[in-house]
Amino acid sequence: MSDWQEFTGKTVQDALTSALIALGVPEDQVEYEEVQKEGSGFLGLFGAKEAIIRARIKDSETDRTFGDVENNVKSSAASAVNTGSSVAVFGDPEKDAKEFLTDVFDKMNLQVEIQTAYSEETVFIELVGEDMGVLIGKRGQTLDSLQYLTSLVVNKGREEYIRIKMDSENYRDRRQKTIENLAKNLAKKAKNTGRVVHVDAMNPYERRIIHSVLQEDKYVDTHSEGEEPNRHVVITLTEEYANMPRKPRGKYNNRRGGYNRGYKKDGYRKNGRYGKRSDSYQNDYKDNNSNHEKGESSEEATE
């Protein structure tokens with residue numbers, strides 16, 4: 001069982017999304033506890049609190065760790081590649097992939113059903129069985145290794161490249177949605193803070209998801225930095241957004257308990273309860289005073 005790790009976010013869901021990305025597993029393989037719920041603070045301005053959770057990968061029924069399984073996959077696959085007389089060069093790519101994976105899983109003593117389909121020079125492979133989280137691995141690394149090695153075997157000696165797409169328990173789709181949500185949240189963070197945001201290291205496929213999602217946001221740019229396996233996406237603000245005028249804060253009004261953005265320099269609101277007296281009001285005031293003075297003069301004359 002992995003150790004507890006702490007994650008923060010604007011909301012509990014944002015913190016959980018960060019946990020799923022960092023741990024590299026789908027939500028159904030993570031257990032978490034809420035340490036602190038988000039809070040808006042006083043008047044939404046002071047004392048706002050981020051959500052905090054503790055999360056870890058759920059305990060598997062097997063004692064094998066993701067690292068052990070991945071190493072086992074690589075060694076078993078390498079053995080299958082070296083002794084792979086059963087894999088025919090220039091044979092049926094779908095059949096070649098299935099025979100190779102069957103050999104790998106036999107060496108690992110794993111019971112896995114291999115479902116395949118072939119379309120448009122692509123072999124689609126679905127792995128079905130119990131406790132498939134072990135074969136998926138942390139951040140899908142074991143699944144990626146199997147996909148890569150299967151691609152090497154299928155394309156050995158071929159002139160036309162055959163793509164391999166491997167999945168299990170709909171992991172790829174769930175992972176993509178998690179990364180898409182993360183990309184949007186981090187772009188929002190960059191715009192709110194005005195700072196550059198560095199995303200955790202990801203494989204090329206996952207980095208492309210972030211680039212693709214944020215292409216639609218005209219206020220941020222993305223690029224990748226670093227070398228594999230630590231290459232990561234960096235989110236920056238566009239010049240257009242950086243030069244956009246910001247709304248200034250209004251004058252704080254203790255009497256009304258907040259910021260009044262409509263105040264003029266002389267302290268009166270433009271069109272509010274405390275607006276300046278109009279010319280018509282001042283004229284009415286003068287007329288009333290003059291009538292009052294006339295009334296007093298007539299009363300004195302009478303007396």
Side-chain angles (χ1 to χ4, degrees), residues 5 7 9-32 53 55 57-58 66 69-70 73 97 114-129 131-151 162-191 197-226 228-235:
Q5 298 182 47
F7 301 92
K10 189 174 181 180
T11 64
V12 171
Q13 186 59 46
D14 289 345
L16 179 58
T17 299
S18 299
L20 297 179
I21 291 294
L23 298 175
V25 294
E27 186 172 348
D28 59 359
Q29 294 180 24
V30 169
E31 57 180 337
Y32 69 95
I53 66 169
I57 299 172
K58 288 181 180 179
F66 287 140
V69 173
E70 186 175 7
V73 165
I114 306 167
Q115 301 174 354
T116 61
Y118 182 67
S119 176
E120 298 180 355
E121 298 183 349
T122 301
V123 177
F124 298 91
I125 303 171
E126 179 74 21
L127 304 179
V128 181
D131 196 20
M132 295 308 295
V134 174
L135 273 184
I136 292 172
K138 184 178 181 180
R139 299 185 182 180
Q141 291 175 352
T142 306
L143 194 64
D144 288 341
S145 296
L146 276 173
Q147 179 174 282
Y148 172 72
L149 292 168
T150 304
S151 177
I162 304 295
R163 295 184 63 189
I164 303 295
K165 287 190 175 182
M166 187 178 297
D167 198 3
S168 181
E169 297 183 344
N170 203 29
Y171 170 79
R172 302 288 189 193
D173 185 56
R174 288 182 294 165
R175 176 70 171 170
Q176 178 172 337
K177 290 178 180 178
T178 299
I179 295 175
E180 288 174 351
N181 290 334
L182 176 73
K184 293 174 184 177
N185 288 338
L186 292 181
K188 185 176 180 180
K189 178 181 179 181
K191 287 181 282 189
V197 175
H198 292 261
V199 186
D200 290 339
M202 294 179 176
N203 61 43
Y205 170 74
E206 294 177 346
R207 294 198 300 269
R208 283 195 294 272
I209 294 175
I210 293 183
H211 292 311
S212 176
V213 170
L214 296 186
Q215 267 187 337
E216 302 173 2
D217 191 330
K218 65 179 181 179
Y219 295 130
V220 297
D221 285 326
T222 62
H223 66 276
S224 296
E225 293 182 357
E228 301 291 358
N230 299 316
R231 193 164 176 79
H232 62 278
V233 175
V234 180
I235 302 174

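What's counted below: heavy atoms across the whole structure, side chains too, no hydrogens, waters or symmetry copies. Position 1 is the first residue of the sequence, and the numbers go up from there.
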One should read off an interatomic distance between Ile53 CD1 and Gln5 CD, to the nearest 0.5 angstrom, of 10.5 Å
Here the gap from Tyr171 atom OH to Met132 atom CE, rounded to the nearest 0.5 Å, amounts to 13.0 Å
Could you tell me whether the side chain of Arg207 and the main chain of Met202 form a donor-acceptor pair under 3.5 Å? yes
Q.
Between Glu120 and Lys165, does any NZ, NE, NH1 or NH2 come within less than 4.0 Å of an OD or OE carboxylate oxygen?
A. no
**Report entry** Min side-chain heavy-atom separation Glu169-Arg174 under 4.5 Å
**Finding:** yes
Heavy-atom nearest pair, Leu214 first then Ala187, reads CD2-CB, 3.7 Å
From the list Leu135, Val123, Leu146, Asp144, side chain to side chain contact (heavy atoms under 4.5 Å, CB included) partner of Met166 resolves to Leu146
Item to complete: Please step through side-chain contact (heavy atoms from CB on, under 4.5 Å) for the pair Glu225 and His232, ending with a clear verdict.
Response: CA-CA 6 Å; Glu225 293 182 357; His232 62 278; 4.2 Å; yes
Closest heavy-atom pair, Ser151 versus Ile164, reported as atoms and distance to 0.1 Å, is CA-CG1, 3.6 Å
In short, Ile209 meets Glu180 closest at the heavy-atom pair CG2-CG, 3.8 Å
dist Gln141:CD -> Asn203:CG (nearest 0.5 Å) comes out at 8.5 Å
Can any side-chain N or O of Tyr32 pair as donor or acceptor with the backbone N or O of Leu16 at less than 3.5 Å?
-> no
Nearest heavy-atom contact between Ala19 and Phe7 is CB-CD1, 3.5 Å
- prompt: Is Asn181 close to Gln13 at the side-chain level, that is, under 4.5 Å between some pair of heavy atoms?
  reply: no
Scanning both residues in full, the closest heavy-atom pair of Ile114 with Ile125 reads CG2-CG2, 4.0 Å
Q. Does Arg175 reach the main-chain N or O of Glu206 with its side chain, forming a donor-acceptor pair under 3.5 Å?
A. no
Of all heavy-atom pairs linking Asp14 and Gly9, the shortest is CB-CA, 4.1 Å
So NZ of Lys191 and CD1 of Ile235: to nearest 0.5 Å the spacing works out to 10.0 Å
To the nearest 0.5 Å, atom OG of Ser224 lies from atom CZ of Arg208 at 10.0 Å
Check your understanding: Quick check: are there more than 12 heavy atoms from other residues, nucleotides or ligands sitting under 6.0 Å from OH of Tyr148?
Key -> no
Practice problem: Begin from the C-alpha positions of Thr142 and Val134 and carry the test side-chain contact (heavy atoms from CB on, under 4.5 Å) through to its verdict. | Solution: CA-CA 8 Å; Thr142 306; Val134 174; over 6 Å; no
Exercise for the section: Show your reasoning for whether side-chain contact (heavy atoms from CB on, under 4.5 Å) applies to Leu143 and Leu127. Expected result: CA-CA 10 Å; Leu143 194 64; Leu127 304 179; 4.1 Å; yes
Do other residues, nucleotides or ligands put more than 12 heavy atoms under 6.0 Å from the CZ atom of Arg231?
-> yes
